[in-house]
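Note sheet for the following structure.
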Amino acid sequence: QVQLVESGGDLVQPGGSLRLSCAASGSIFGIWVMGWYRQAPGKERELVAAIFSGGFTDYADSVKGRFTISRDNAENTVYLQMNRLKPEDTAVYYCKLAQSDGQEYWGQGTQVTVSS
């Protein structure tokens, strides 16, 4: 199976920065897209950013201009650089991998808390 291991979540003050990392391992058929989702208390899980094969990216409107997703294809690792963080960015952030065959995998989640 495929395993996703996330890291980088922390407590940070408003305006600060964090970088999340997600490393995929196991019998990966082929990566179609890797992305970051987040879920805040009382809210549905939402897409934050995604990066497709070929390097195409997509972002939620709420994070455009502040967050950047990137990928190391050789290491099957995806990153989320988060700048100018706001309290409303507080959530558990999850990594997702979708294989070319349609199979999807999720990471365990990492907590990001933005508070003064």
### Summary
Residues passing the side chain to side chain donor-acceptor pair (under 3.5 Å) test with Ser62, sequence neighbours excluded, are Arg38
#### Entry: Val114 to Lys86 - nearest heavy-atom pair and separation
CB-O, 3.2 Å
### Message
How long is the straight-line distance from OG1 of Thr68 back to OH of Tyr79, given to the nearest 0.5 Å?
### Response
14.5 Å
#### Entry: Minimum heavy-atom distance between Ala40 and Ala91, given as atom pair plus value
N-CB, 3.8 Å
### Summary
Correct closest heavy-atom pair for Met34 and Asn76 would be CE-O, 4.3 Å
### Task
Please step through side chain to side chain contact (heavy atoms under 4.5 Å, CB included) for the pair Trp36 and Met82, ending with a clear verdict.
CA-CA 12 Å; Trp36 289 95; Met82 304 185 294; over 6 Å; no
### Query
Any chance the side chains of Gln103 and Asp101 put a donor and an acceptor closer than 3.5 Å?
no
### Query
Which atoms form the tightest heavy-atom contact between Glu104 and Ala98, and what is the distance?
CG-CB, 4.1 Å
### Message
I'd like to know whether CD of Glu44 has more than 12 heavy-atom contacts from other residues, nucleotides or ligands below 6.0 angstrom.
### Response
no
Please report, to 0.1 Å, the donor-acceptor pairs under 3.5 Å made by any side chain of residues 5-31, with sequence neighbours excluded.
| from | atom 1 | to | atom 2 | distance (Å) |
| --- | --- | --- | --- | --- |
| Glu6 | OE1 | Gly109 | N | 2.4 |
| Glu6 | OE2 | Cys95 | N | 2.1 |
| Ser17 | OG | Asn83 | OD1 | 2.9 |

### Query
Leu4 and Gln108: which non-hydrogen atoms are nearest, and at how many Å?
O-OE1, 3.3 Å
In a table with atom names and distances, give each donor-acceptor pair under 3.5 Å that connects a side chain of residues 51-61 to protein atoms at least two apart or in another chain.
| from | atom 1 | to | atom 2 | distance (Å) |
| --- | --- | --- | --- | --- |
| Tyr59 | OH | Ile69 | N | 2.9 |
| Asp61 | OD1 | Lys64 | NZ | 3.1 |

